[in-house]
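Here it is, the structure in full.
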There are 2 protein chains.
Amino acid sequence: MSTAADPPAAGPTTSPPTGRVTISDVARVAGVSVATVSKVVNNRYGVAASTAERVLAVVGELGYESSLVARSLRRQSTNVVGVLVAEFEPYSTELLKGISSAVGGTGYELLAYSGGSDGGVPGGWERRSLSRLAGTLIDAAIVVTPTMVMSEANGIPVVAVDPHTGPEGTHTVDSDNVTGAREAVEHLLGLGHRRIAHLGGRSDLQSARLRELGYREALEAAGIAVDPDLVRVGGYRPDTADTPARELLTASGAERPTAVFAANDLSAIHLMEVAAELGIRVPQDLSVVGFDNVPESMTTTPALTTVAQPLHQMGAEALRMVLDLLGGTPREQHLRLPTSLVVRGSTAPPPSPPPEVGNSSAT
Amino acid sequence: MSTAADPPAAGPTTSPPTGRVTISDVARVAGVSVATVSKVVNNRYGVAASTAERVLAVVGELGYESSLVARSLRRQSTNVVGVLVAEFEPYSTELLKGISSAVGGTGYELLAYSGGSDGGVPGGWERRSLSRLAGTLIDAAIVVTPTMVMSEANGIPVVAVDPHTGPEGTHTVDSDNVTGAREAVEHLLGLGHRRIAHLGGRSDLQSARLRELGYREALEAAGIAVDPDLVRVGGYRPDTADTPARELLTASGAERPTAVFAANDLSAIHLMEVAAELGIRVPQDLSVVGFDNVPESMTTTPALTTVAQPLHQMGAEALRMVLDLLGGTPREQHLRLPTSLVVRGSTAPPPSPPPEVGNSSAT
DNA sequence: ATGAAAGCGCTAACAT
DNA sequence: ATGTTAGCGCTTTCAT
């Protein structure tokens, strides 16, 4: 009395109706032991050609593929490099493109893991992800913008890209934050700006401190004192940058900066939105420079002038470094790549200077 | 006689000098069994408060985190959704951003695996990756642009995004390729173009066929016969598009198209480079339209007019769909999202038409 | 409340 | 040439 929905109990053997094909399934169907199947699929010696053939046939028929998990648990290495990120956003995905292009032909596969944000403690996602994957799933790891110092205690090579804590414990790849920031500000100075504000990052992060340092250096070199009112913490994110951006832009008259150097593109873009809301035109009334050159920086109107980090190249170098480490090739601990200024539409000379004291046509 | 390179054999206990901290290490140090440690870290009942406290202290001290691999091997589910891609390129990473933004707050983690290209057979990476991960490492999978039909025989929910074989076996998310292509060509027609070429994708891929269909439909609706010389296979990639692009653009005089609709952005961008090389100005001498709207389409000069696929949204929808499937919520098999034309600088009216036969000033 | 033991799928010694 | 066994790190009955 079975209905059509009931599969006609083909065989109440060990095979569950659902689920994946395991090595035991192959062994049973081929009439050999699991060890033999393992030898066949791994091209080990000691298997008769006829047996191998039969096993391979069953493998093809059943579509068997060894489980990465079970295999890594047993084996020493997996041939997989892990890329640990907090989240897949513009910065990490650009890096990923560079890593991916460099992995071709190396025989390694890539596994990008996003174990950040939700759930546990805000900081420390990198340590947690690393502990969960190292030694079992991945042979080496590239950690993107870790907030904490990574100890290599997990027994696998680790390369940190743009570590927020500065190059310390581990091998690192980053870009020249200070020079990049200085060039951004020098660009504004060259345009004639004098009241240049800085919408900073997070004061606990190395990159933010270095970018602010570059800002200060450029100003001082030009003989301009840094006005504390013109420096705000923006937090790197649109939401955290909102209030400081408003404070900067609502200053009255001559107090208002004619240009802003933001610590990253995301906050620069948000500042441009705030400016638009306040009726401040970019670049006529206000020049804006960002940092990172993520793809999003080209989508604004006008497009954002920014300091480019060579993200693809940084990713590729990080992969090469971690593979060298894996192979025992000694590598320098820190690799720093140069930034470059990308001038687009958001910067222009400042509006005509306000009438000075003693000017003939004042008031 | 030990050199500085020899670590001073700290303790020949069971703990290897290298490698990760395992549950046994914690158990040994805390003086309890591994079962107890497991119970503590998983908040199971039946552990004395004092014991739990002690174990937790050791966990913190040693920085223990359970291995994803070992845990998944034993457990039914892993709370990890896999994203299977052939490679991390602009298309898949944009999707990834959408998937990542939608995963927040769901309690799931993301694992993007790139098991394509190198090594084995060109086709079938998706089947291989799925077999390797399904059932053990990941609870569900989103497969990006699979070339083959995916059977759900792996026992886990699968959603295919932009499947190259057309919506058949599995659940799918894609965009309206035909309408998108038609709108692209209608845009060119509206600008006054009549000789419109098509730099196609790969003829074995569904999306390429649909885009060519849209191209043909638009032309026919306008009463223009499709010139076979104006249709070339571009293969979706810069390298494969090179020769066909040259063939299209080196046609002499009036034979040369005044506009090209390319099957994707990458081949459109390469065609623009070829045009520049040949001294053909875009958009004055030639209009170009792409498809996808990957970030790279904004980096060209002029920026590329293209048909946007809502990639972030498609990724987010794919995640929602696969999570629904996981939770047993019934979902429609196919979800198709609309495309939209993004007009940028690479399209303009055609150059003034060549003198017609019977024109007074002809030759 | 705690621990011993089995077993997830697989590979690698070690028999036979 | 093939099979048996142990064990990777972990969770989970089942005893104690």
Side-chain angles (χ1 to χ4, degrees), chain A residues 14-16 18-28 30-55 59 62 64-80 131-139 154-155, chain B residues 14-16 18-28 30-55 59 62 64-80 131-139 154-155:
Chain A
T14 338
S15 64
T18 175
R20 64 192 313 281
V21 179
T22 73
I23 197 172
S24 318
D25 297 326
V26 176
R28 188 162 21 78
V32 295
S33 73
V34 296
T36 301
V37 176
S38 175
K39 282 170 192 158
V40 171
V41 302
N42 290 294
N43 293 311
R44 293 282 182 280
Y45 292 111
V47 184
S50 60
T51 308
E53 198 178 342
R54 185 155 36 96
V55 170
V59 165
L62 265 43
Y64 168 76
E65 202 73 50
S66 78
S67 157
L68 217 210
V69 164
R71 165 180 294 219
S72 4
L73 192 55
R74 198 56 240 274
R75 273 201 177 172
Q76 165 107 33
S77 71
T78 59
N79 261 24
V80 175
S131 294
R132 289 176 59 123
L133 306 183
T136 43
L137 233 204
I138 58 180
D139 291 350
N154 298 280
Chain B
T14 335
S15 64
T18 176
R20 61 194 314 284
V21 178
T22 72
I23 196 172
S24 318
D25 296 327
V26 176
R28 187 160 24 75
V32 296
S33 72
V34 295
T36 301
V37 176
S38 176
K39 281 170 191 157
V40 170
V41 301
N42 292 294
N43 293 311
R44 294 280 180 281
Y45 293 112
V47 183
S50 60
T51 308
E53 196 178 343
R54 185 155 37 94
V55 170
V59 164
L62 264 43
Y64 168 75
E65 201 72 49
S66 78
S67 157
L68 216 208
V69 163
R71 164 182 293 220
S72 5
L73 193 56
R74 196 57 239 270
R75 273 201 175 169
Q76 166 108 32
S77 71
T78 59
N79 259 25
V80 176
S131 293
R132 287 175 60 119
L133 306 184
T136 43
L137 234 205
I138 59 180
D139 291 350
N154 297 281

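All chains are named by letter (A, B, ...) in the order of the sequence lines, taking the proteins before the strands, and each is independently numbered beginning at 1.
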Sugar-phosphate, base or nothing in reach of S72(A), heavy atoms under 4.0 Å: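 Counting heavy atoms under 4.0 Å across all strands, no contact is made by S72(A).
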
The single option from I138(B), L68(B), D139(B) passing side-chain contact (heavy atoms from CB on, under 4.5 Å) against N79(B):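 With N79(B) as partner, side-chain contact (heavy atoms from CB on, under 4.5 Å) holds for just one option, D139(B).
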
Nearest non-hydrogen partners of A27(A) and V37(A), listed with the distance: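 Answer, listing the atom of A27(A) first, then V37(A): CA-CG2, 3.7 Å.
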
Rounded distance in Å - CZ (R28(A)) to P (dG9(C)):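 One finds 12 Å between P of dG9(C) and CZ of R28(A), rounded.
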
End axis versus end axis in the helix from dA1(C)-dT16(D) to dT16(C)-dA1(D), the angle rounded to 10°, five pairs used at each terminus: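 It comes to 50° between the two terminal axes.
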
Touch class at under 4.0 angstrom, heavy-atom based, for V69(B) against every strand present: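 V69(B): no heavy atom of the nucleic acid under 4.0 Å.
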
Sugar-phosphate only, base, or nothing, as touched by T51(A) at under 4.0 Å among non-hydrogen atoms: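 T51(A): backbone/sugar contact only, no base atoms under 4.0 Å.
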
Qualifying residues under side chain to side chain contact (heavy atoms under 4.5 Å, CB included), relative to N42(A), sequence neighbours excluded: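 If we apply the side chain to side chain contact (heavy atoms under 4.5 Å, CB included) test to N42(A), skipping adjacent residues, the hits are S38(A), R44(A), R71(A), R75(A).
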
Rounded distance (Å) that lies between atom C1' of dT11(C) and atom CZ of R71(A):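 Answer to the nearest Å: 9 Å.
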
Rounded distance in Å - CZ (R132(B)) to P (dC10(C)):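 Answer to the nearest Å: 11 Å.
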
Those residues of residues 35-46 of chain A lying under 4.0 Å from DNA chain C by at least one heavy atom: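 DNA chain C contact set from residues 35-46 of chain A: A35(A), S38(A), N42(A), R44(A).
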
Close side-chain approach of S67(A) and R132(B), heavy atoms under 4.5 Å: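 No, every pair of side-chain atoms sits at 4.5 Å or beyond.
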
Distance, rounded to the nearest Å, where D25(A) contributes CG and dG9(C) contributes P: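 Roughly 9 Å, once rounded to whole Å.
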
Reported CD-to-CG distance for the pair E65(B) and L133(A), which is rounded to 0.5 angstrom: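 Between atom CD of E65(B) and atom CG of L133(A) there are 10.0 Å.
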
Listed partners of R74(B) passing side chain to side chain contact (heavy atoms under 4.5 Å, CB included), at least two apart: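 Checked R74(B) against side chain to side chain contact (heavy atoms under 4.5 Å, CB included); zero matches.
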
First-last contacting nucleotides on DNA chain D - partner chain A, under 4.0 angstrom, heavy atom: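 The contacted stretch runs from dA1(D) to dG9(D).
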
Reported OG1-to-CG distance for the pair T22(B) and L62(B), which is rounded to 0.5 angstrom: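 Interatomic distance, T22(B) OG1 to L62(B) CG, rounded to 0.5 Å: 9.0 Å.
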
Main-chain N/O of L137(B) paired to T78(B) side chain as donor or acceptor, under 3.5 Å: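 A pair under 3.5 Å: yes.
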
Protein-nucleotide distance (E65(A), atom CD; dG9(C), atom P), rounded to Å: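 Value for this atom pair: 16 Å.
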
Check: V41(A) and V59(A) side chains under 4.5 Å, non-hydrogen atoms: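 In contact.
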
Phosphate-side-chain proximity, S33(B) and dG3(C), N/O vs OP1/OP2 below 4.0 Å: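 Affirmative; the distance criterion is met.
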
Check: R20(B) side chain, S131(A) main-chain N or O, donor-acceptor pair, under 3.5 Å: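 Yes; at least one donor-acceptor contact below 3.5 Å.
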
D25(A) and Y64(A), any side-chain heavy atoms less than 4.5 Å apart: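 No, too far: nothing below the 4.5 Å cut-off.
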
Contacts of type side chain to side chain contact (heavy atoms under 4.5 Å, CB included), residue T51(B), not counting sequence neighbours: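 Here the qualifying residues are V32(B), T36(B), V47(B), A48(B), R54(B), V55(B).
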
First of S24(A) and R54(B) reached from the 5' end of DNA chain C, by closest nucleotide: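 Per heavy-atom nearest nucleotide, the more 5' residue is R54(B).
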
Distance test, side-chain N/O of T22(A) to OP1/OP2 of dC8(C), below 4.0 Å: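 The answer is no; no side-chain N or O of T22(A) sits under 4.0 Å from OP1 or OP2.
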
Interatomic distance where CD1 belongs to I23(A) and C1' belongs to dG7(C) [whole Å]: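 I23(A) atom CD1 is separated from dG7(C) atom C1' by 16 Å.
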
